[in-house]
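A short write-up of the structure that comes next.
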Amino acid sequence: MARSTISVNPNEEMRKIFEKFDKDGDGKISSDEVRDSLNDLDVKVSLQEVELMMQQYDKNDDGYIDLEEFADLYKHIGLDGGGTSQETDLKDAFDMYDIDKNGLISATELHSVLNKIGEKCSVSDCVRMISKVDMDGDGHVNFEEFKKMMSNSS
């Protein structure tokens, strides 16, 4: 079996990339640093998307992404060349809202997730939000409606 002539340590490479995201050099990445770094890379993300990423990848719930957590985030956002597409990212975001995993986002699911990330709103506010993107009139947001909404918000 032939060995690669490239002798880059993947852990060292990940640490260097982590340090580029860790703009203040404190050894952890905040949501602002995630958003700023992605914007620097021309990856446009909303504040809401960043908060969902933080919620999903901040495994120890300290409000920051450490180096180990960053490796998973890095793969998720597709910067590792692994072929993660915008479609996959949108599906991951959709799945965060689809709490019961039935393929639809209800007003109560939206309300629950928004409250978890600090957005204060009522269930009736969520019903109104859903009605704005609910093209088929079923009272829920399906993945196609979610994709359309997200592409219009960026």
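All residue numbers in this chain count up from 1 along the given sequence.
- Cys126 and Ala107 get closest at one heavy-atom pair: CB-O, 3.5 Å.
- Lys148 has no carboxylate O lying under 4.0 Å from a charged side-chain N of Glu145, or vice versa, which leaves the two without a salt bridge.
- From Met129, atom CE reaches atom CD1 of Ile105 across 12.0 Å, with rounding to the nearest 0.5 Å.
- The side-chain heavy atoms of Val133 and Phe146, taken from C-beta on, include no pair separated by under 4.5 Å.
- Within the model, atoms CD1 of Ile99 and OG of Ser112 stand 3.5 Å from one another, a figure rounded to the nearest 0.5 Å.
- The side-chain heavy atoms of Met135 and Asn142, taken from C-beta on, include no pair separated by under 4.5 Å.
- In terms of modelled atom types and a separation under 3.5 Å, the side chain of Glu109 and the main chain of Asp100 share a donor-acceptor contact.
- Summarising the geometry, atom NZ belonging to Lys28 is positioned 11.5 Å from atom CD belonging to Glu69; distances are rounded to the nearest 0.5 Å.
- The backbone N or O of Gln56 lies less than 3.5 Å from a partner atom in the side chain of Lys59, making a donor-acceptor pair.
- The shortest distance between side-chain heavy atoms of Val113 and Leu52 falls below 4.5 Å.
- Distance check: Ser30 OG to Arg35 CZ gives 9.0 Å after rounding to the nearest 0.5 Å.
- By the rule that hydrophobic residues join a cluster once side-chain heavy atoms approach within less than 4.5 Å of another member, Val127 and Leu114 end up as members of separate clusters.
- Ionic pairing of Lys101 and Asp98 is not present here: no N-O contact between side-chain nitrogen and carboxylate oxygen is shorter than 4.0 angstrom.
- Two residues are said to be in side-chain contact when any heavy atoms from C-beta on lie closer than 4.5 Å; Lys23 and Ser37 meet this criterion.
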Pair Leu110-Val141, side-chain contact (heavy atoms from CB on, under 4.5 Å): steps then yes or no: CA-CA 10 Å; Leu110 178 60; Val141 175; over 6 Å; no
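- A heavy-atom distance below 4.5 Å is found between the side chains of Met54 and Val34.
- In this structure, His140 has no side chain to side chain donor-acceptor pair (under 3.5 Å) partners at least two apart in sequence or on a different chain.
- If you check the side chains of Asp125 and Ser122, you find a donor sitting under 3.5 Å from an acceptor.
- When atom types are taken as modelled, the side chain of Asp22 and the backbone of Asp26 share a donor-acceptor pair closer than 3.5 angstrom.
- Linking Ile, Leu, Val, Met, Phe, Trp and Tyr residues whenever their side-chain heavy atoms come within less than 4.5 Å leaves Leu104 and Met96 in two separate clusters.
- A 4.5 Å side-chain heavy-atom check between Asn60 and Asp58 finds at least one atom pair inside the cut-off.
- Judged by the 6.0 Å and 45° rule, Lys147 forms no cation-pi pair with Phe94.
- We find the OG-CD distance between Ser46 and Glu51 to be 9.5 Å, quoted to the nearest 0.5 Å.
- The shortest side-chain heavy-atom distance between Asp36 and Phe21 does not fall under the 4.5 Å cut-off.
- Considering only residues two or more places apart in sequence or on other chains, Glu19 meets the side chain to side chain donor-acceptor pair (under 3.5 Å) condition with Arg15.
- With rounding to the nearest 0.5 angstrom, the CD atom of Glu33 is 11.0 Å from the CD1 atom of Ile65.
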